[in-house]
Chemist: 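My structure is below; once you've seen it, I'll send some questions.
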Amino acid sequence: MGEFTDKIKGVANELTGKAKQAVGREGDDPKLEAEGAGQEARGHIQQAVGNAKGKVKDAIDKL
């Protein structure tokens, strides 16, 4: 995946994860809430990967 694809998918996973957590809290469903927390964390990681790819690309472009 490319830098921007990773970032976009990361944001989508974060938002979906936050929504699942909220629904899990409101519906007293700890399993759904935990699933949402995991998905949000996955989103953070995807964004970090996208940022790293961008920095590597910028560094290579400067050579």
Side-chain angles (χ1 to χ4, degrees):
M1 280 188 272
E3 170 188 0
F4 295 110
T5 304
D6 286 330
K7 288 180 180 181
I8 290 169
K9 285 187 176 188
V11 169
N13 272 322
E14 279 187 41
L15 293 175
T16 303
K18 286 179 182 184
K20 284 183 181 180
Q21 288 178 73
V23 170
R25 273 191 297 273
E26 292 299 317
D28 196 30
D29 185 348
K31 183 179 175 187
L32 183 61
E33 189 174 353
E35 183 182 318
Q39 190 165 0
E40 182 179 359
R42 202 167 34 252
H44 286 296
I45 292 167
Q46 282 177 313
Q47 285 193 55
V49 168
N51 288 333
K53 284 181 181 179
K55 288 180 182 181
V56 168
K57 182 185 177 302
D58 290 344
I60 290 171
D61 289 345
K62 289 180 182 179
L63 294 176

Chemist: Linking Ile, Leu, Val, Met, Phe, Trp and Tyr through side-chain heavy atoms less than 4.5 Å apart, which residues share a cluster with Leu15?
Modeler: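 Listed partners: Val11.
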Chemist: Return a table of donor-acceptor pairs under 3.5 angstrom between the side chains of residues 49-59 and protein atoms on other chains or two or more places apart.
Modeler:
unit_1, atom_1, unit_2, atom_2, d
Asn51, OD1, Lys7, NZ, 3.3
Asn51, ND2, Gln47, O, 3.4
Lys53, NZ, Met1, O, 2.3
Lys53, NZ, Asp6, OD2, 2.8
Lys57, NZ, Asp61, OD2, 2.9

Chemist: Do any side-chain atoms of residues 22-31 form donor-acceptor pairs under 3.5 angstrom with protein atoms, and if so which ones, sequence neighbours left out?
Modeler:
unit_1, atom_1, unit_2, atom_2, d
Asp29, OD1, Lys31, N, 3.3
Asp29, OD1, Leu32, N, 3.2

Chemist: Gln39 and side-chain hydrogen bond (donor to acceptor under 3.5 Å, both in side chains): which single residue from Gln21, Lys20, Glu14 fits?
Modeler: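 The option that passes is Lys20.
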Chemist: Supply the atom-to-atom distance His44 NE2 to Asn13 CG, rounded to the nearest 0.5 angstrom.
Modeler: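 One finds 10.5 Å between NE2 of His44 and CG of Asn13.
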Chemist: What closest approach, in Å, do Glu40 and Lys18 show between heavy atoms, and which atom pair accounts for it?
Modeler: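 So the minimum-distance heavy-atom pair works out to OE2-CE, 3.1 Å.
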